[in-house]
Amino acid sequence: NTRFAQYVKSDLEVSHSHMFDEYNSLVGRAFVGVGLPYGNFDVLPFEKKYFTGGANGIRAWQVRSLGPGSYKASDDSYPNQSSDVKLEANVEYRFLLTGFLEGAIFVDAGNIWAINEKDNRLGAQFKFNKFYKQIALGTGAGLRFDLNYFIFRLDLGLKLHDPSAELGENWIIGNRSLTKEDLNLSFAI
């Protein structure tokens, strides 16, 4: 009589790299993931849910602070947003600066959504007629310290489109002054 999680989950990731020469390259990546609970457990287990933001997601947001959909968590809450569907894409231009130091300019887009009807967060549900309006967009620049065995990454992301902002203020540049919340510094190895 122990409840256990039953779910189907599938991920698809495609990436491509184009080397212009030994100093310049363009890298693109797209990711789609869906998890669907069924049976005796009606939500995905926490560790199987999707999240985004941070060094390996939409870099203009802190890790787990974006989404789901247009949902906005309270400002005093710990960032821990997760859900059932994830769409993400990015393009990054990489170039050699000097020796082991490389630069990067990037654009990231995506979000997470709920498909489970039990999720009652306002704006979290994936809807075909709305999801494209809830795509977050960020850009930025970074440094890569290539030490052969591993690479240290330091990226500064800037929010361009925030799906959780008030309607009419989703596009940040041109609608309001930038604040420190519009920037995010990410570090990765």
Salt-bridge present (Asp182, Lys180; N to O < 4.0 Å) | no
Under the 3.5 angstrom rule, does the side chain of Asp146 hit a backbone N or O of Ile151 as a donor-acceptor pair?
-> no
Quick one: side chain to side chain donor-acceptor pair (under 3.5 Å) partners of Gln62, sequence neighbours excluded?
-> none
Minimum heavy-atom separation for Asn111 to Pro163, with atom names?
-> ND2-CG, 3.6 Å
With rounding to the nearest 0.5 Å, note down the distance linking CG in Leu44 to CG in Asp119.
-> 11.0 Å
Mind checking who shares a hydrophobic cluster with Met19, ILVMFWY linked at side-chain heavy-atom distances under 4.5 Å?
-> none
Checking Arg59 against Phe106: charged group under 6.0 Å from the ring centre and within 45 degrees of the axis?
-> yes
If you take all heavy atoms of Ile135 and His161, which pair is closest and at what distance?
-> O-ND1, 2.7 Å
Quick one: pull up CG in Leu147 and CD1 in Ile189 and give me the separation to the nearest 0.5 Å.
-> 10.0 Å
Answer yes if Phe150 and Leu154 sit in the same cluster of Ile, Leu, Val, Met, Phe, Trp and Tyr residues linked by side chain heavy atoms under 4.5 Å apart, and no otherwise.
-> yes
Could you grab the distance from atom CD of Glu102 to atom CZ of Arg94, nearest 0.5 Å is fine?
-> 8.0 Å
Heavy-atom pair with the smallest gap, counting every atom of Ser82 and Lys49 = OG-CD, 3.5 Å
Can you tell me how far the CD1 atom of Ile58 sits from the CG atom of Leu160, to the nearest 0.5 Å?
-> 11.0 Å
Phe4 and Asn40, any side-chain heavy atoms less than 4.5 Å apart = yes
Any chain of hydrophobic side-chain contacts (each under 4.5 Å) joining Val91 to Ile105?
-> yes
When rounded to the nearest 0.5 Å, the distance separating CZ of Phe131 from CG of Leu87 is 6.5 Å
Sequence neighbours excluded - ring pair (Phe, Tyr, Trp, His ring centres under 6.0 Å) pairs with any residue from residues 45-67 = none
Heavy-atom pair with the smallest gap, counting every atom of Ser164 and Tyr71 = CB-O, 3.5 Å
Same apolar cluster: Ile172 and Leu185, side chain cutoff 4.5 Å = yes
Could you pull out every donor-acceptor pair under 3.5 Å between side chains of residues 23-38 and any protein atom, sequence neighbours left out?
residue : atom : partner : partner atom : Å
Asn24   : OD1  : Tyr93   : OH           : 2.5
Asn24   : ND2  : Asp21   : OD1          : 3.1
Asn24   : ND2  : Asp21   : OD2          : 3.4
Arg29   : NH1  : Glu13   : OE2          : 3.1
Arg29   : NH2  : Glu88   : OE1          : 2.4

Would you say the side chain of Pro68 lies within less than 4.5 Å of the side chain of Gln125, judging by non-hydrogen atoms?
-> no
Carefully, step by step, assess Val43 and Asn116 under the rule side-chain contact (heavy atoms from CB on, under 4.5 Å).
-> CA-CA 7 Å; Val43 295; Asn116 191 324; 3.6 Å; yes
Over 12 foreign heavy atoms within 6.0 Å of CZ, Phe100 = no
Would Leu101 end up clustered with Phe95 when hydrophobic side chains under 4.5 Å apart are linked, directly or stepwise?
-> yes
How far apart are the closest heavy atoms of Arg121 and Gln81, and which atoms are they?
-> NH1-OE1, 2.9 Å
Please work out whether the ring planes of His16 and His18 are parallel, tilted or perpendicular, with thresholds of 30° and 60°.
-> parallel
Check: Leu183 and Leu158 side chains under 4.5 Å, non-hydrogen atoms = yes
Connected hydrophobic set around Tyr78, excluding itself, where side chains approach under 4.5 Å | none
Using a cut-off of 6.0 Å, state whether more than 12 heavy atoms not belonging to Glu166 lie near its atom CD.
-> no
At their closest point, which heavy atom of Asp84 faces which heavy atom of Ile115, and how far apart are they?
-> OD2-N, 2.9 Å
Leu122 CG: over 12 foreign heavy atoms closer than 6.0 Å | no
Close side-chain approach of Asn56 and Val63, heavy atoms under 4.5 Å = no
How many angstroms lie between OG in Ser65 and CG in Asn184, if you round to the nearest 0.5 Å?
-> 7.0 Å
Check side chain to side chain donor-acceptor pair (under 3.5 Å) between Asn129 and all other residues, then give those that pass, not counting sequence neighbours.
-> none
Pair Gln134, Trp113: side-chain N/O donor-acceptor within cut-off below 3.5 Å = yes
Going only through I, L, V, M, F, W and Y residues with side-chain contacts under 4.5 Å, is there a path from Ile173 to Leu137?
-> yes
